[in-house]
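This is the structure I want to talk about, given as structure tokens.
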Protein chains: 2
Amino acid sequence: MTAVDDAARPYHHGDLRAALLAAAEQELADAGVEGFSLRAVARRAGVSHAAPKHHFGDAAGLLSALAAEGFRRFLATQQAREATAPPDARSQLLAAGLGYVDFAQARPALFRLMFGSAKPDFATPDLQQAGRAAYDHLCVQVQALGGGANDVAAVWAMAHGLADLAMSGRLLPLHAMSQEEREAALSDAILRAIPG
Amino acid sequence: MTAVDDAARPYHHGDLRAALLAAAEQELADAGVEGFSLRAVARRAGVSHAAPKHHFGDAAGLLSALAAEGFRRFLATQQAREATAPPDARSQLLAAGLGYVDFAQARPALFRLMFGSAKPDFATPDLQQAGRAAYDHLCVQVQALGGGANDVAAVWAMAHGLADLAMSGRLLPLHAMSQEEREAALSDAILRAIPG
DNA sequence: AGCGAAATCTTGTCAGTGCAAAGATGGCGT
DNA sequence: ACGCCATCTTTGCACTGACAAGATTTCGCT
């Protein structure tokens, strides 16, 4: 196929892998992790229901790739927050925590896939590495403050708890707050977990 | 079928509702929230796949009832911990937090159903009330310490984060610890969130 | 160029699932 | 004794994930 005219799509998609990932993210946002359907993803991308097989094997493969991509964006969201924060280690760690919560609220379905689902195969090298990178980033920040393993656990748990509860709409007071109040309340909580 | 001899079971189960709830909990523990199958529950209980319909309507109904039962046990687990702790408000709140983590590790599938799933209908009166009772219990404890809404959020988030991460096996250092060390590490983290 | 091999995508099939409707059974009140 | 009705089963439908086999295109190699 040298020329693609009209609406007739070529037999080969061109970049189906990327298209499927994008469609899967949409599907995930619309139907949630539990209502996720591989066939619906294929429909969304305009290909047959078996097309994903060649690129991802099965549903777990697709979701693993999506979760890995999620962890990369997760880290990027935290780093974006850090870039606008004061350079001292404490402020940087706080910013990372706020970014953690930001991500969960901005992409709840992806967050659930990454932290609350058993569907992805977390032994996949790509996924494992992406998750590890996010974890290492946290460890480095805590160490810069002179903290140890207990501090890593405390900070992580606090940020994760806030993110998970806020994402699932259980921290009701938070929703009634203005942006500034919300930020202040989250910061207050996160700072409690940070040593010093 | 007038006479029931051998292994032939009677047409009417007797207490199918309770049997289904028990079977559902087993199924949940074995297959996880995402692999949960209503028909498998029915098989486990030895009835036809449509039998649950009369008692619970659909899968969401069954899971809602199970989640409500989960919240009651969740509260009971916390209270059991409190009973063995010093009576001062601070120790009681700490005990509740440790109970929170206990529950998640003892019944991970149930915990995921209660906090990480969209399958139960959280607007169900029974479920809503059970969840509310657990939340109120936390609020009362925080208020006994003179804390406010921010303190409730901080303590809840810390306990929930620890529970969720520990349950999903992400707090690796925790697994390598002895019981005492583990307890001490969790207490250290929880106490950071408690005011005073 | 051109030809075979491999990659990519489609169609077809099968077992399993949730849900709904209709039929079978037996307890219970009158 | 009779009929009502809650309970349970059977049957049917649409959907899903996984697999197999076939169709189509592209790529590599000569």
Side-chain angles (χ1 to χ4, degrees), chain A residues 1-24 26-28 30-66 113 117-121, chain B residues 1-24 26-28 30-66 113 117-121:
Chain A
M1 157 121 15
T2 54
V4 179
D5 33 32
D6 303 346
R9 67 188 154 71
Y11 193 92
H12 285 74
H13 182 284
D15 195 3
L16 183 57
R17 193 191 152 89
L20 283 173
L21 275 175
Q26 286 290 333
E27 169 74 7
L28 200 68
D30 286 7
V33 188
E34 297 169 334
F36 185 86
S37 154
L38 197 57
R39 287 166 106 107
V41 171
R43 277 195 294 272
R44 213 183 269 261
V47 293
S48 81
H49 63 260
K53 167 145 189 165
H54 211 253
H55 297 277
F56 299 101
D58 55 1
L62 176 60
L63 290 174
S64 298
L66 200 54
L113 177 71
S117 174
K119 284 183 178 177
D121 176 10
Chain B
M1 164 168 330
T2 54
V4 180
D5 31 32
D6 304 345
R9 64 190 154 67
Y11 194 92
H12 285 75
H13 182 284
D15 194 5
L16 184 57
R17 191 190 152 88
L20 283 173
L21 274 175
Q26 286 290 333
E27 169 73 8
L28 200 67
D30 286 7
V33 189
E34 297 170 334
F36 184 86
S37 154
L38 196 57
R39 288 166 107 108
V41 171
R43 276 194 296 271
R44 214 183 269 260
V47 293
S48 81
H49 63 261
K53 169 149 191 163
H54 207 130
H55 297 277
F56 299 101
D58 54 3
L62 175 59
L63 291 174
S64 299
L66 200 56
L113 177 71
S117 175
K119 282 183 178 176
D121 176 9

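Letters A, B, ... are given to chains in the order of the sequence lines, protein chains preceding strands, and every chain is numbered from 1.
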(message) If I compare all heavy atoms of Ala24(B) with all of Leu62(B), which pair ends up nearest, and what's the gap?
(response)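 Minimum heavy-atom contact is CB-CD2, 3.9 Å.
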(message) Please find the pair of heavy atoms, one from Lys119(A) and one from Ala60(A), that lie closest to each other, and give the distance.
(response)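 Smallest interatomic distance, heavy atoms only, reads O-CB, 3.5 Å.
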(message) Could you tell me how far apart Arg17(B) (CZ) and dA6(D) (C1') are, to the nearest whole angstrom?
(response)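 One finds 15 Å between C1' of dA6(D) and CZ of Arg17(B), rounded.
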(message) What is the distance, to the nearest angstrom, from the CD atom on Glu34(B) to the P atom on dG17(D)?
(response)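 Rounded to whole Å, this separation is 13 Å.
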(request) Answer with base, sugar-phosphate or nothing: what part of the nucleic acid does His49(B) contact at a heavy-atom distance below 4.0 Å? (result)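 The answer is base, as His49(B) lies within the cut-off (heavy atoms under 4.0 Å) of a base atom.
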(request) Taking only the side-chain nitrogens and oxygens of His54(B), find out if one of them lies under 4.0 Å from OP1 or OP2 of dC8(D). (result)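 For dC8(D), OP1/OP2 do not have a side-chain N/O of His54(B) under 4.0 Å.
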(message) In this structure, how many angstroms lie between the C1' atom of dC8(D) and the NE2 atom of His55(B), rounded?
(response)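 Between C1' of dC8(D) and NE2 of His55(B): 8 Å.
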(request) Write down the atom of Asp121(A), the atom of Ser64(A), and the distance for their closest heavy-atom approach. (result)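 Shortest heavy-atom separation between Asp121(A) and Ser64(A) comes out as N-OG, 2.8 Å.
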(request) Could you please name the option among dT9(D), dG18(C), dT11(C) that lies closest to any side-chain atom of Ser48(A)? (result)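 My answer, after comparing the listed nucleotides, is dT11(C).
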(request) Could you check Lys53(A) against Arg43(A) and say which one's nearest nucleotide on DNA chain D is further toward the 5' end? (result)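 Mapping each residue to its closest nucleotide by heavy atoms, the 5'-most match is Arg43(A).
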(message) Quick check: any donor-acceptor pair below 3.5 Å linking the side-chain of Arg39(B) to the base of dG16(C)?
(response)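 Flag unset: no donor-acceptor pair detected.
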(request) Can you tell me the distance, in whole Å, between the CG atom of Leu20(A) and the C1' atom of dG17(D)? (result)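 Leu20(A) atom CG is separated from dG17(D) atom C1' by 15 Å.
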(request) Look at all strands and tell whether Ala59(B) reaches a base, only sugar-phosphate, or nothing, counting heavy atoms closer than 4.0 Å. (result)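 Sugar-phosphate contact only - Ala59(B) comes under 4.0 Å of backbone atoms but never of a base.
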(request) Check the distance between dA6(D)'s C1' and Asp15(B)'s CG and give it to me in whole angstrom. (result)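 For the pair Asp15(B) CG and dA6(D) C1', the rounded distance is 14 Å.
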(message) If you compare all heavy atoms of Ala42(B) against all heavy atoms of His49(B), which two are closest, and at what distance to 0.1 Å?
(response)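 Result for this residue pair: CB-CA, 3.7 Å.
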(request) Nearest whole angstrom, please: distance from the P of dT17(C) to the CZ of Arg44(B). (result)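 Atom-to-atom, Arg44(B) to dT17(C), this comes out as 12 Å.
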(request) For Leu16(B) and dG26(C), give me the distance from atom CG to atom P, rounded to whole Å. (result)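 Distance, rounded to whole Å: 16 Å.
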(message) On the nucleotide dG18(C), are OP1 or OP2 found under 4.0 Å from the side-chain N or O atoms that Ser37(B) carries?
(response)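 Indeed, a polar side-chain atom of Ser37(B) lies that close.
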(request) Would you mind telling me which of dA18(D), dT11(C), dT9(D) lies closest to the side-chain atoms of Ala50(A)? (result)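 Closest nucleotide among those given: dT11(C).
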(request) Starting at NE2 of His55(A), measure out to CG of Leu20(A) and round the result to the nearest 0.5 Å. (result)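 Rounded to the nearest 0.5 Å, the NE2-CG separation comes out at 6.5 Å.
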(message) Rounded to whole Å, please give me the gap between CG in Asp58(B) and C1' in dG18(C).
(response)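 From Asp58(B) CG to dG18(C) C1': 9 Å.
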